[in-house]
2 protein chains.
Amino acid sequence: MADEKLTLDEIAEKAGVSRTTASRVINNRPHVRPELRQRVMRVVEATGYRLNPVARSLAMQRSEIMGLVIPRSTHAFFEDPYFPILIQSIAKTCNYYDYTLALFLFESEADEEQLYPRISRQGLLDGIILQVGEIKDSLTARLMQEDFPVLVIGRPKDVPDVSYLDVDNVAGARKAVAHLFATGHQRVATITGALTTTAGIDRLAGYHQVLQERDCPSDPAFIVEGNFTREGGYQVMQQLLPHQPDAVFIASDTMALGALDAISEAGLHVPEDIAIVGFDDLVPAFQATPPLTTIKQPISQFGRKAVELLLDIIARGPYPPRHILMDTELVVRESCGAHLAPPG
Amino acid sequence: MADEKLTLDEIAEKAGVSRTTASRVINNRPHVRPELRQRVMRVVEATGYRLNPVARSLAMQRSEIMGLVIPRSTHAFFEDPYFPILIQSIAKTCNYYDYTLALFLFESEADEEQLYPRISRQGLLDGIILQVGEIKDSLTARLMQEDFPVLVIGRPKDVPDVSYLDVDNVAGARKAVAHLFATGHQRVATITGALTTTAGIDRLAGYHQVLQERDCPSDPAFIVEGNFTREGGYQVMQQLLPHQPDAVFIASDTMALGALDAISEAGLHVPEDIAIVGFDDLVPAFQATPPLTTIKQPISQFGRKAVELLLDIIARGPYPPRHILMDTELVVRESCGAHLAPPG
DNA sequence: GAAAGATTTGGAAGCGCTTCCAAGTCCAGG
DNA sequence: CCTGGACTTGGAAGCGCTTCCAAATCTTTC
């Protein structure tokens, strides 16, 4: 197992062929006589030779590395299983397509500023998957301006021609709220996500839409803003309680957990006194007591799709921009009281 | 903002200097007259030029990319906040040292086999941080054999001369178990982690040590093997219950959550009927009811230290091997009943 | 059996950067 | 005014690979 740093030249020499031919064999390209191919293969195996990927990248002008950029990751990253699942599915898909995944987590705008050159520097990365949560986002526009292959996860605002992939948050929220009405609830409130995020805004929009369609005046007291954390859910649920909603659509399961705490602390029961529908359908959702009715996001498919879209953009250019909204699914468990309504 | 792909040559030409000089300026190296330095700088700024990192890597034989390899990530990766925190701290530290982080998540041995060339290929990665959980681990030895700079997180078995960083699991477990005895418990059981992991084994070893030192015969019925999941904790706690332990050291907080479920389902109370100490001190620990007494791992410092050690290995070679065990800390909350014992 | 075509081969020019080394410039000291 | 030493500068040789292109070889086909 000699592991001296071998080069293509040396392999070629040992096999008695030119470097060009050796290159052809190793990259499994045509135009090589079977006999020569064999000879080269044998040398490669005997020596344990592997191409130097950096040299290859330089010559091909393609690195087969893609970046995953997650800005402002700070708290959400810990508490919410969303990111681990997303990262895992992206990593897995990269493996599949023989791409290497470079991960960039930014915590502050200062980080973003300082590290921008690292990600945009042409050469290292063939493209970038950008997780955009916050509505205020400068990265996307900057990268687009540099003609950098970018796929945004989330729904970027005010950036023309950017390709993106998002969950259909509006439709998902509609399903949740409609279900609450369908199960006989009248006073349906909502705990929104942070309204600095598009997910927060869109899920609220879905809530509004359903109310409007039912000619149900929306009571401002029934709309409180959370921040996607459990603690936040706990606190704003307490604000909501005095107004006596009989159902609440909560824009994330994590917040729903906090809300559950607040409700039981107030001596009320879910779903008898207050019905709840969450959003996400991550592990905590079915481990909660009672198990949460929620809107399921296809996060893993999401990661896969993101990688595939980016590869497509890398291969075929950014036009036309791709816009994909993925469907969600209502998962009925106990917290919405659906099993109470039609008892037989 | 011209963003045509510029090269160093073009910058040099525009500034009227040689490529060598331009390189010196851009890399902030000495031996350039201030005037020329300025001139080059100006051109760089005007054109928005950035070095091509791939070409640089090839010339320098160093990529400033490090790999983080997490094998067999499947379930643990979702359920346990350990990995997100670790990854985040590693990413952050990489940012700080101007390194790029490449993430490799392997799910199966097949993945490992297939992707091994990708990580070991000399050139792309300057070094690798390898998370080794399972006791059976072939990656470490292979990489060491190739003289690849490696730092292992965890405690590798039977690989000579490998540098590693681990939590002192034995000492941590000892603290936990000792605390349980110190608070007056007699029948102390343990739910171990998967005994295919070194963490599982070491934490059990700590349990044994304390029992032995107290001349306490260890009852096999008091030792049940979990698998680090909540569901697993739930199940094995049910096995434990009939033997009526008055305290349990549980090798992870996640499992402790499951155990808590089992205990309350059996109509018993924590800590009155059964005291519990967990391990990890992640978010779920203090959100549990009752809040978990647990052993705190310094995961973030861990990530930082790992990166720094690897950089040191890259810079100064693998000898002598570095071995670091990080201290843990007992965090006393309610689940151990410490607050009950000395009531005034 | 020769011309036309298809296939195989390798020479050489990059890809964009670093760095060794020799040549050139500048200044102080004698 | 000349010499030696310190600092600047740029030419040129890589780093290890891909790929264009021309030359060489092998098949067909009439």
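In what follows, chains carry the letters A, B, and so on, assigned in the order in which the sequence lines appear, proteins first and then strands, with residues in each chain numbered from 1. It should be emphasised that the depicted structure is a prediction, and the values quoted were computed from it without experimental measurement.
- Checked by atom type and distance alone, the side chain of T100(A) never pairs as donor or acceptor with a backbone atom of I65(A) at under 3.5 Å.
- With salt bridges taken as basic N to acidic carboxylate O contacts below 4.0 Å, none links K157(A) and D137(A).
- Atom pair I26(B):CD1 and dT18(C):P shows a separation of 8 Å (rounding to whole Å applied).
- Look at CG on L58(A): it is 9 Å from C1' on dG14(C), rounded to the nearest Å.
- Counting to the nearest Å, the C1' atom of dA12(C) and the CG atom of D9(A) are 12 Å from each other.
- When the P atom of dC15(D) is taken as reference, atom CG of L8(A) falls 14 Å away, rounded to whole Å.
- Phosphate proximity of dC17(D) to Y49(A): present, with a side-chain N or O under 4.0 Å from OP1 or OP2.
- An OP1 or OP2 oxygen of dT19(D) is reached within less than 4.0 angstrom by no side-chain nitrogen or oxygen of Q61(A).
- With dG16(D), dG16(C), dT18(C) as the choices, the nucleotide that has an atom nearest any side-chain atom of A55(A) turns out to be dG16(D).
- Rounded to a whole Å, the CG atom of N52(B) is 19 Å from the P atom of dC15(D).
- Residue T20(B) places no side-chain atom within donor-acceptor reach of the base of dT18(C), judged by atom type and a 3.5 Å distance cut-off alone.
- Between E13(A) atom CD and dG16(D) atom C1' there is a gap of 15 Å when expressed in whole angstrom units.
- Salt bridge absent: R142(A) and E112(A) never bring a charged side-chain N and a carboxylate O closer than 4.0 Å.
- Side-chain atoms of Y97(B) and E64(B) form no donor-acceptor pair, as typed in the model, at a separation below 3.5 Å.
- Nucleic acid contact class of R29(B) (heavy atoms, under 4.0 Å, all strands): sugar-phosphate only.
- Within the structure, a side-chain polar atom (N or O) of N27(A) is placed less than 4.0 Å from OP1 or OP2 of dT18(D).
- Summarising the geometry, the separation between CG on N28(B) and P on dT18(C) is reported as 13 Å, rounded to the nearest angstrom.
- When the P atom of dT18(C) is taken as reference, atom CZ of R62(B) falls 12 Å away, rounded to whole Å.
- Residue order along DNA chain D, read from the 5' end via each residue's closest nucleotide, puts R19(B) first among R19(B) and M60(A).
- Checking dC17(D), dG11(C), dC17(C) against every side-chain atom of R56(B), the shortest atom distance belongs to dC17(C).
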For nucleotides 6-9 of chain C, which of its nitrogen or oxygen atoms have a protein nitrogen or oxygen under 3.5 Å away, and what is each distance?
unit_1 : atom_1 : unit_2 : atom_2 : d
dT8(C) : OP2    : H31(A) : ND1    : 3.3
dT9(C) : OP1    : R33(A) : NE     : 2.8
dT9(C) : OP1    : R33(A) : NH2    : 2.8
dT9(C) : OP2    : R33(A) : N      : 2.8

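- Using a 4.0 Å heavy-atom distance criterion, T7(A) is classed as a sugar-phosphate-only contact.
- Here the options are Q38(A), R39(A), R37(A), the test is side chain to side chain donor-acceptor pair (under 3.5 Å), and the partner is E35(A); only R39(A) passes.
- Checked against side chain to side chain donor-acceptor pair (under 3.5 Å), N28(A) has no partners two or more places apart in sequence or in another chain.
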Practice item. Tell me, with the steps shown, if E10(A) and K14(A) meet salt bridge (charged side-chain N to carboxylate O under 4.0 Å, His left out). Key: CA-CA 6 Å; E10(A) 287 159 352; K14(A) 280 189 213 283; over 6 Å; no

